[in-house]
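Start at 1 with the first residue, then count along the sequence. Both counts, for ligands and for their atoms, begin at 1 and track the order of listing.
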Amino acid sequence: MIRVSGPDAIAIVAPLLRSAIPLAAFPSHALRRVGVVDAKSGERVDEALCAVMLAPRSYTGEDVVELSCHGSPALLRMVTQWIAGGGARLATPGEFTRRAFLNGRIDLAQAEAVALMIGARTERAVALAARALAGGLADRVRAVRDALVDVIAGLEVELDFPEERIGHDPDRARSIVARLRADVDRWAVAARHGRVVHDGVTVALVGPPNAGKSSLLNALLGRERAIVSPIPGTTRDVVEGTIAVAGVPVRLLDTAGLDAPRDDIEAEGIRRSRLAIEESDLLLVVLDTSVSPDRRVLAETAGRARVVVRAKSDLPSHPEAAALSDAVDVSTVNGGSIDPLLERLAKDVEHRAAAAGDEGGIVTSLRQLALIDALGKSLASSGEALCDMPLEAALVDLRLALGITGEMLGVDVTDAVLDRIFSAFCLGK
Ligand SMILES: Nc1nc2c(ncn2[C@@H]2O[C@H](COP(=O)(O)OP(=O)(O)O)[C@@H](O)[C@H]2O)c(=O)[nH]1
Ligand SMILES: [Mg+2]
């Protein structure tokens, strides 16, 4: 689909279209069938559907023409070039959404939610992004902002006219600030969980060679992604794949065994394994149940979030392997099952992605998440200042908090901030 936005959109696209009524007379917000022609030769190149959306009731708030051609990249390139030749230019990444924000169609948190929606990889991440798009965060921020304006004004009156008893006394201000802070702290928790749903969790399979790591990766992915063989040292590079667990993307990393390397390639593989282990949120420590468990791997991973997996549970267990506490049994050969591990993974992921009091979960950009934290901090310090400091000190923190809510909503944001936000978008959004 080709989208043209701006005051000249209709005039620029019109010469390329053949239709029963001229483009300028199209009813707004209705699809019409059109012929697309090379404006110079008049040669017809496509049949398309075209919609005009007149300002201000369009995505960008400007006049918008959208043309749905057949999807050939060559055709789309031609038509785009003709439109550009007629006086338009290519949009920069996220520019339509940026215009929507600048024209007041959406707030900044919603604009950022567009990027979250585009990047959502599971149904659950889509649901969270949809809620963010609908403006959930901005409504909450606006409520805090209004309350802050009230408190600041009340304290300022109190400072200027202390005898009149028309301002806020510090006690009342303190209780309001405490309530706001509790709200913001709850968002911080919910938004962190939301980021887990959006970004997913990285899980590395580690363990001695031949333990059954690659077989387990393949079983989890449901396809033969990694090479499996009885020859130790078969997996030399980090092999990865992603599955959805409890609606959260889980990136699985299969690693080379953490064994003494037999050659340079294996040494490099082991180095990469260690990096993968470091960047992972959770480790699956895979041990062959039929042999004595590798104590070194167990000791090396003891401080990490991990699940000990007894692989090859179809084989007789070695007594020491059988004695491992809190281990999960899996088998990837006929009749075997990995269900206990999937259940354990789901529990772990669910724990990271949600918690009681999440208010149904929110997801925000990393920028908004940092601002939520900063807002919580300035509310906390203004609350403390209201206890035992001059009112002026509390007002400094409260004005800081107010400024942060402005940054969250996009009040007085600089071009540099907008550049940073929208550069993360793809073209055409
Ligand atoms: N009996 C049995 N053998 C397995 C199982 N999983 C893997 N193996 C075998 O163990 C050997 C090593 O497997 P692999 O997945 O390559 O282990 P890795 O070196 O840890 O990646 C291969 O011969 C596999 O066929 C299992 O669940 N049961
Ligand atoms: Mg392997």
Side-chain angles (χ1 to χ4, degrees), residues 201-243 245 250-302 304-346:
V201 181
T202 302
V203 176
L205 285 76
V206 300
N210 252 349
K213 300 181 292 300
S214 297
S215 305
L216 182 56
L217 175 85
N218 290 341
L220 286 165
L221 293 177
R223 64 197 163 95
E224 301 303 305
R225 175 74 180 81
I227 300 171
V228 169
S229 95
I231 305 164
T234 300
T235 308
R236 302 193 145 205
D237 211 342
V238 176
V239 179
E240 66 169 273
T242 300
I243 55 172
V245 175
V250 171
R251 185 168 156 238
L252 297 164
L253 307 175
D254 179 25
T255 65
L258 292 178
D259 203 20
R262 274 156 285 242
D263 57 44
D264 286 353
I265 303 173
E266 217 177 335
E268 176 61 17
I270 289 168
R271 194 185 67 82
R272 291 182 189 197
S273 300
R274 289 195 194 283
L275 284 179
I277 291 169
E278 269 166 43
E279 67 168 294
S280 296
D281 303 299
L282 176 70
L283 303 178
L284 299 186
V285 180
V286 183
L287 302 169
D288 181 338
T289 197
S290 65
V291 301
S292 158
D294 186 318
R295 295 286 160 195
R296 204 170 44 89
V297 176
L298 283 170
E300 229 178 289
T301 57
R304 298 284 309 264
R306 70 175 186 189
V307 175
V308 177
V309 178
R310 267 189 302 251
K312 313 190 191 180
S313 65
D314 50 289
L315 301 179
S317 237
H318 186 281
E320 281 175 44
L324 287 171
S325 62
D326 203 25
V328 178
D329 291 308
V330 300
S331 167
T332 58
V333 295
N334 19 341
S337 162
I338 59 164
D339 289 348
L341 177 59
L342 284 173
E343 276 161 33
R344 183 70 168 267
L345 273 179

Would you mind checking which non-hydrogen protein atom is closest to atom 3 (N) of ligand 1, with the distance to 0.1 Å?
K312 CD, 3.8 Å

Quick check: does T332 get an N/O under 3.5 Å from an N/O on ligand 1?
yes

Separation between CG (L220) and CG (L341), nearest 0.5 Å, reads 5.5 Å

So is A311 touching ligand 1 or not, going by heavy atoms under 4.0 Å?
no

Any side-chain to backbone donor/acceptor pair from D314 onto S331? Under 3.5 Å, distance only.
no

Could you tell me whether the side chain of R225 and the main chain of E240 form a donor-acceptor pair under 3.5 Å?
yes

Please lay out, stage by stage, how R304 and E278 fare under the test salt bridge (charged side-chain N to carboxylate O under 4.0 Å, His left out).
CA-CA 10 Å; R304 298 284 309 264; E278 269 166 43; over 6 Å; no

For atom 11 (C) of ligand 1, closest protein heavy-atom neighbour
N210 OD1, 3.6 Å

Examine G212 against ligand 1 and note whether any of their N/O atoms are separated by less than 3.5 Å.
yes

Interfacing atoms of ligand 1 (cut-off 4.0 Å, heavy-atom, V333)
2 (C), 26 (C), 27 (O), 28 (N)

Do side-chain atoms of S317 reach the backbone of P319 as a donor and acceptor pair under 3.5 angstrom?
no

Exam field: side chain K312 to backbone V333, donor-acceptor pair closer than 3.5 Å:
no

Polar-atom distance check: A211 versus ligand 1, any N or O pair below 3.5 Å?
yes

Does any N or O in the side chain of D281 come within less than 3.5 Å of the main-chain N or O of V201, such that one atom is a donor and the other an acceptor?
no

Report yes if some N/O of K213 lies less than 3.5 Å from some N/O of ligand 1; otherwise report no.
yes

Specify side chain, backbone, both or neither for S229, according to which of its non-hydrogen atoms lie closer than 4.0 Å to ligand 1.
backbone

Salt bridge or not between D326 and R306? Use side-chain N to carboxylate O under 4.0 Å.
no

Tell me how many protein N, O or S atoms are within a distance shorter than 2.8 Å of the Mg ion (ligand 2).
2

Please list the nearest protein heavy atom to atom 25 (O) of ligand 1 with its residue and the distance rounded to 0.1 Å.
V228 CG1, 3.9 Å

Quick one about R251 and T242 (side-chain donor to acceptor, distance below 3.5 Å, no hydrogens or angles considered), yes or no?
no

For I227, is the CD1 atom crowded, meaning more than 12 foreign heavy atoms sit under 6.0 Å from it?
no

Trace of the side chain to side chain contact (heavy atoms under 4.5 Å, CB included) decision for V330 with D339:
CA-CA 8 Å; V330 300; D339 289 348; over 6 Å; no

Write out the residue and atom name of the closest protein heavy atom to atom 7 (C) of ligand 1, then the distance separating them to 0.1 Å.
S215 OG, 3.1 Å

Any salt bridge linking D329 with R310? Criterion: basic side-chain nitrogen under 4.0 Å from a carboxylate oxygen.
yes

For S214, which of D254, T234, T332 qualifies under side chain to side chain donor-acceptor pair (under 3.5 Å)?
D254

Show which atoms of ligand 1 fall inside a sub-4.0 Å distance from at least one heavy-atom site of S214.
15 (O), 18 (P), 21 (O)

For D314, the atoms of ligand 1 under 4.0 Å from one of its heavy atoms are 1 (N), 2 (C), 26 (C), 27 (O), 28 (N)

Below 4.0 Å, non-hydrogen atoms only: which portion of V330 touches ligand 1? Side chain, backbone, both or neither.
neither

In this structure, does ligand 1 have an atom that sits under 4.0 Å from one of the heavy atoms of L315?
yes

